[in-house]
Amino acid sequence: MRVLEAAAPLAYQESYDNAGLQYGDPQVEVRGVLIALDCTPAVVDEAIRRGCNVVVAHHPLIFKPLKRLTGANEVEQTLLKAIRHDVALYAAHTNLDNVRHGVNRKLAEKLGLLNLRILDPKPGLLGKLITYVPPTHTEAVLQALYTAGAGHIGDYAQCSFRSEGTFTFTPGADTTPFSGQPGQPHTGPEDRVEVLLPLHLQGAALRALRQAHPYEEVAYELIKLENVHQEVGSGMVGELPEPLPPAEFRQRLRAALGVPVVKHTEFEPLISTVALCGGAGSFLIGKARAAGAQAYVTGDLKYHEYFGAEGRLMLCDVGHFESEQFTGEIFRDLLADNFGSTFALFIAETLTNPVRYDF
């Protein structure tokens, strides 16, 4: 769970979501993990058959509150089966959608897009941590903050700013000051150190600060920023290696995603910039237009939402399942890279897409 949540922090899920451990004891030893887009009775059956005691899914089984557990519907039936066979259920949903290396990046890579960036970065997720350190301990304090997750800006790590200054204080009678004497005014050099910090890591960062700092009383300021977090947000936008006519782009879509049909709006100009959002993404149509995209790829578009293209954008609905079908590869690679062959790891063979196509 720590590995999954380091990659897709629960703090980044949408307010309506229910990501995380849904059933199971966090201390149970993992024997095998089955990865699926959805958790259904058939998926739990496959987990049991393969000897897996954990199912990791993209869509949470428990999405709305349960008032009873009687097996009256498929959600309850799935949960009861998992409980009876002690199969833990874990979901990483919009938190995995919203991170840079999540669902939307995987879709963009399948389409061969370049120069990728978040389509709608989220504000209010970052803070600035400022503290004051004797120069002899500045590097140690900074290293502790970096280890706790501070100081990252895009692909740059260990980012900070420092400025030199002078401190003044008078230690109390019962203090043990790092420098100076109790009851005597004292002045000396200090570095003002500033780092960016994801706000959900502030607890860990402040603990690290207090442990590494030599002062009894650590002075710091934590300021919430309205800056957008360029690594966290909805959707993604990128460029094709070369512009394509709309019909050729749709053919590329069908081939890359293995979909039998693409619902789309009429559009004539060449496609060079593509925006996308795995799952239901109609809420980003305006952002796709504003980003200068000629095509927007998503799923679950309703009839009247197609009018939102306003002739300036080719909307392409490839289906909800189809746009997220590669999510299992993210889980597989993440767990394999961190745990190797410690436990069995499978992508489910069970097809959970409820939609069928007739031609």
Side-chain angles (χ1 to χ4, degrees), residues 1 4-5 7-28 30-98 102-103 234 277-283 298-302 317-332 334-335 345-357:
M1 285 167 57
L4 292 171
E5 289 166 17
L10 295 181
Y12 292 161
Q13 67 181 307
E14 299 296 336
S15 59
Y16 59 79
D17 205 0
N18 190 33
L21 183 65
Q22 302 216 306
Y23 165 72
D25 180 351
Q27 302 305 320
V28 166
V30 177
R31 299 191 306 272
V33 175
L34 183 69
I35 297 165
L37 191 65
D38 306 279
C39 190
T40 66
V43 168
V44 176
D45 283 336
E46 183 178 344
I48 297 165
R49 187 173 68 253
R50 290 186 165 204
C52 297
N53 65 334
V54 180
V55 171
V56 174
H58 181 47
H59 295 133
L61 175 66
I62 305 172
F63 194 68
K64 298 178 180 179
L66 295 177
K67 294 185 178 181
R68 60 188 60 83
L69 187 53
T70 63
N73 55 49
E74 187 169 279
V75 169
E76 295 180 19
Q77 292 161 16
T78 305
L79 185 54
L80 283 171
K81 181 168 288 193
I83 292 170
R84 291 190 187 106
H85 295 273
D86 202 18
V87 176
L89 307 179
Y90 186 93
H93 189 210
T94 54
N95 51 322
L96 190 62
D97 292 337
N98 285 336
V103 173
S234 303
C277 178
S282 62
F283 67 102
T298 189
D300 289 354
L301 293 179
K302 298 178 182 178
D317 185 340
V318 296
H320 194 124
F321 175 93
E322 289 80 1
S323 66
E324 296 181 330
Q325 62 182 298
F326 305 110
T327 304
E329 297 178 9
I330 305 172
F331 291 130
R332 180 198 62 197
L334 184 61
L335 293 174
L345 189 60
F346 305 100
I347 292 180
E349 296 175 349
T350 303
L351 178 64
T352 62
N353 186 6
V355 178
R356 299 292 183 268
Y357 299 94

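Here the shortest heavy-atom pairing between Asn98 and Ser234 reads OD1-OG, 3.7 Å. The shortest heavy-atom contact between Ala88 and Gly24 is CB-CA, 4.1 Å. Nearest approach of Ser323 to Val318, heavy atoms of both residues: CB-CG2, 3.9 Å. Here the shortest heavy-atom pairing between Ile347 and Glu329 reads CD1-N, 4.2 Å. Closest heavy-atom contact between Asp317 and Gly299: OD1-CA, 3.2 Å. Taking each heavy atom of Leu21 and Pro26 in turn, the nearest pair found is CD2-CG, 3.8 Å.
Note that CD of Glu74 is 12.5 Å distant from CG of Leu79, once rounded to the nearest 0.5 Å. Note that the CG atom of Leu345 and the CZ atom of Phe331 stand 11.0 Å from one another [nearest 0.5 Å]. Rounding to the nearest 0.5 Å gives a distance of 12.5 Å between NZ of Lys81 and CG of Leu89. Interatomic distance, His59 NE2 to Asp17 CG, rounded to the nearest 0.5 Å: 9.5 Å. To the nearest 0.5 angstrom, Asn53 atom CG is 7.0 Å from Asp86 atom CG. Atom CG of Leu66 and atom CD of Gln22 lie 9.0 Å apart (nearest 0.5 Å).
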Evaluation steps, side chain to side chain contact (heavy atoms under 4.5 Å, CB included), between Phe63 and Val75:
CA-CA 9 Å; Phe63 194 68; Val75 169; over 6 Å; no
Residues Leu34, Arg50; criterion side chain to side chain contact (heavy atoms under 4.5 Å, CB included); working and verdict:
CA-CA 8 Å; Leu34 183 69; Arg50 290 186 165 204; 4.3 Å; yes
Show your working on side chain to side chain contact (heavy atoms under 4.5 Å, CB included) between His58 and Ile330 and close with a plain yes or no.
CA-CA 10 Å; His58 181 47; Ile330 305 172; over 6 Å; no
Mind running side chain to side chain contact (heavy atoms under 4.5 Å, CB included) on Asp45 and Thr350 for me, showing each step along the way?
CA-CA 9 Å; Asp45 283 336; Thr350 303; over 6 Å; no
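Taking 4.5 Å as the limit, some side-chain heavy atom of Tyr90 sits within range of a side-chain heavy atom of Leu4. Side-chain contact between Arg68 and Glu76 is present, with at least one heavy-atom pair separated by less than 4.5 Å. With contacts defined as side-chain heavy-atom distances shorter than 4.5 Å, the pair Phe326/Leu37 does not qualify. The shortest distance between side-chain heavy atoms of Asn353 and Gln325 does not fall below 4.5 Å. Within the 4.5 Å cutoff, the side chain of Asn95 has no heavy atoms near those of the Glu5 side chain. Counting heavy atoms from C-beta outward, Lys302 and Ser282 have side chains that stay 4.5 Å or more apart. Counting only heavy atoms from C-beta outward, the side chains of Tyr16 and Thr94 approach each other to under 4.5 Å.
A donor-acceptor pair under 3.5 Å is absent between the side-chain atoms of Glu46 and the main chain of Ala348, judged by distance alone. Counting only distance, with no hydrogens or angles, the side chain of Thr298 and the backbone of Gly279 share a donor-acceptor pair below 3.5 Å.
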